[in-house]
A.B. asks: 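Take this structure, written in structure tokens, and hold onto it; I'll ask about it next.
These values consider heavy atoms only, across backbone and side chains, with no hydrogens, waters or symmetry-generated copies.
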Amino acid sequence: MYHLVMRRDPRVPLVALLYALSFVAVLVLGRLALTTYDTLVGGLDVEIDPNPIALSVGPVALDVPRNMIRNHPFARGSVSELELRMHWPTMEGFSDLRAEAFRTNDDRSTIIYATLRPSSGSLSPQDRLRLVYSRLLAYPPASGPNGLIATPFAEGSGYDGEILYTAGDTSSPFAARCAPEEGGVPASCTVEFLTDNGIEVIYRFRRHLLSRWRAIDAAMRDTVASFMRG
């Protein structure tokens with residue numbers, strides 16, 4: 001079984017601690033973004049056309065179904081960030097048929113939110129896990145749903161109350177940071193991965209879906225890959 005490192009390694013550069021401080025700020029922004037997602041349920045993204053629209057995220061050309069795009073009609077040409085949402089398990093965008101599912105925003109929601117943006121070039125998700133998160137956790141870990149390993153963040157880490165869920169073997173890079181219900185926002189999990197052509201993908205889903213992590217992560221990777229032009 002794969003476990004995160006449980007001892008502080010003095011050989012890890014001190015710069016990792018600076019990265020940890022920077023990610024506290026990222027956490028705050030991430031929570032604000034998630035609150036925005038939870039608030040804007042019926043706003044701009046009422047497009048039901050599933051036909052793809054050609055655009056690019058940074059230098060990467062994509063074809064994305066119109067009804068998946070949250071920041072429609074602002075997504076045109078080249079964008080610095082693309083906001084999407086899709087229905088689980090169909091991985092389809094907004095439609096009249098599933099309108100109620102998209103408008104249901106409680107703790108049993110089956111909608112996955114995603115942000116696509118060019119890689120910042122700093123830490124990859126796996127480096128972040130190894131250099132930052134592993135130093136902020138309260139060991140020992142415990143068993144999580146469907147083979148995951150659950151390790152809470154330590155008090156005062158900046159991620160208080162959150163739990164990091166990692167895959168139990170080295171064959172999967174999956175890691176989900178799950179926050180409890182707070183301020184009316186239901187318990188949700190955040191996962192990050194980097195595509196081969198440098199697109200950073202951050203996706204979020206309700207905590208009750210965590211037991212389906214293998215299927216959800218595979219579907220997200222396949223869906224994003226299907227956007228790639230050429």
Side-chain angles (χ1 to χ4, degrees), residues 1-9 12-13 15-31 33-34 37 84 88 112-117 119-155 157-180 182 186-196 198-225:
M1 294 287 287
Y2 168 72
H3 294 274
L4 291 173
V5 177
M6 294 180 66
R7 296 192 303 269
R8 294 176 182 264
D9 187 344
V12 175
V15 70
L17 295 180
L18 297 178
Y19 279 123
L21 292 175
S22 70
F23 278 101
V24 172
V26 170
L27 170 65
V28 173
L29 292 175
R31 283 181 172 172
L34 188 56
Y37 277 119
L84 307 175
W88 171 259
I112 299 173
Y113 302 107
T115 302
L116 277 60
R117 61 192 181 202
S119 171
S120 62
S122 55
L123 288 179
S124 70
Q126 287 305 296
D127 286 340
R128 191 171 307 153
L129 177 65
R130 180 173 58 89
L131 293 175
V132 179
Y133 291 158
S134 66
R135 300 174 66 88
L136 302 174
L137 298 172
Y139 297 101
S143 297
N146 200 9
L148 290 174
I149 296 172
T151 314
F153 282 92
E155 291 186 15
S157 66
Y159 301 91
D160 297 36
E162 296 195 21
I163 298 175
L164 184 69
Y165 292 91
T166 53
D169 59 75
T170 56
S171 65
S172 173
F174 181 87
R177 210 182 73 225
C178 296
E182 183 178 0
S188 301
C189 299
T190 301
V191 180
E192 303 174 54
F193 66 87
L194 191 65
T195 67
D196 291 339
I199 294 293
E200 184 177 294
V201 181
I202 305 168
Y203 69 90
R204 297 160 293 276
F205 55 88
R206 293 294 184 239
R207 171 65 177 76
H208 78 95
L209 293 174
L210 186 59
S211 62
R212 305 297 306 276
W213 66 272
R214 286 189 180 89
I216 289 175
D217 195 58
M220 278 301 306
R221 291 171 184 268
D222 288 345
T223 298
V224 172

A.B. asks: Measure across T166 and A175 and return the closest heavy-atom pair with its distance rounded to 0.1 Å.
C.D. replies: CG2-CB, 4.1 Å
A.B. asks: Going from SG on C178 to OH on Y159, what distance comes out if it is rounded to the nearest 0.5 angstrom?
C.D. replies: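 The SG atom of C178 sits 14.0 Å away from the OH atom of Y159.
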A.B. asks: Side chains of I216 and Y203: does their closest heavy-atom pair fall under 4.5 Å?
C.D. replies: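 I216 vs Y203: side chains touch.
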A.B. asks: Could you pull out the closest heavy-atom pair between M220 and A114, with the gap in Å?
C.D. replies: CE-CB, 4.0 Å
A.B. asks: Can you tell me how far the CD atom of E200 sits from the OG1 atom of T195, to the nearest 0.5 Å?
C.D. replies: 10.0 Å
A.B. asks: What is the distance from atom CG of D160 to atom CG of L136, rounded to the nearest 0.5 Å?
C.D. replies: 10.5 Å
A.B. asks: Side-chain contact test, heavy atoms from C-beta onward, threshold under 4.5 Å: evaluate it for P125 versus Y133 and give yes or no.
C.D. replies: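 With C-beta onward as the side chain, the pair stays apart.
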A.B. asks: Could you work out, with salt bridge (Lys or Arg N to Asp or Glu O under 4.0 Å) as the rule, every residue matching R221, not counting sequence neighbours?
C.D. replies: D217
A.B. asks: Check the pair V224 / F193 against side chain to side chain contact (heavy atoms under 4.5 Å, CB included), numbers first and verdict last.
C.D. replies: CA-CA 11 Å; V224 172; F193 66 87; 4.2 Å; yes
A.B. asks: Minimum heavy-atom separation for P145 and L210, please, with both atom names.
C.D. replies: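 Shortest heavy-atom separation between P145 and L210 comes out as CG-CD2, 3.8 Å.
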A.B. asks: Have T115 and R204 got a donor and an acceptor in their side chains that come within less than 3.5 Å?
C.D. replies: yes
A.B. asks: Nearest 0.5 Å, please: how far is CZ in F174 from CG in L129?
C.D. replies: 11.5 Å
A.B. asks: Can you name the closest pair of heavy atoms from G161 and P180 and give their distance?
C.D. replies: O-CD, 3.3 Å
A.B. asks: Mind checking side-chain hydrogen bond (donor to acceptor under 3.5 Å, both in side chains) for S119 and listing every partner two or more places apart, or none if nothing turns up?
C.D. replies: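 Scan of S119 (side-chain hydrogen bond (donor to acceptor under 3.5 Å, both in side chains), adjacent residues dropped) gives none.
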A.B. asks: Work out which heavy atom in R128 is nearest to a heavy atom in L123; give both atom names and the distance.
C.D. replies: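 Minimum heavy-atom contact is NH2-O, 3.2 Å.
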A.B. asks: Which heavy atom in A167 sits nearest to a heavy atom in W213, and how many Å separate them?
C.D. replies: CB-CH2, 3.9 Å
A.B. asks: What do the steps show when you test L194 against Q126 for side chain to side chain contact (heavy atoms under 4.5 Å, CB included), and what is the final call?
C.D. replies: CA-CA 9 Å; L194 191 65; Q126 287 305 296; over 6 Å; no
A.B. asks: Do F205 and R212 pass the side chain to side chain contact (heavy atoms under 4.5 Å, CB included) test, and can you show the C-alpha distance, the side-chain angles, and the key distance before you say yes or no?
C.D. replies: CA-CA 11 Å; F205 55 88; R212 305 297 306 276; over 6 Å; no
A.B. asks: Roughly how far, to the nearest 0.5 Å, is CD1 of I163 from OG1 of T151?
C.D. replies: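 Here the interatomic distance stands at 9.0 Å.
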A.B. asks: Got a donor-acceptor contact below 3.5 angstrom from the W88 side chain to the I112 backbone?
C.D. replies: no
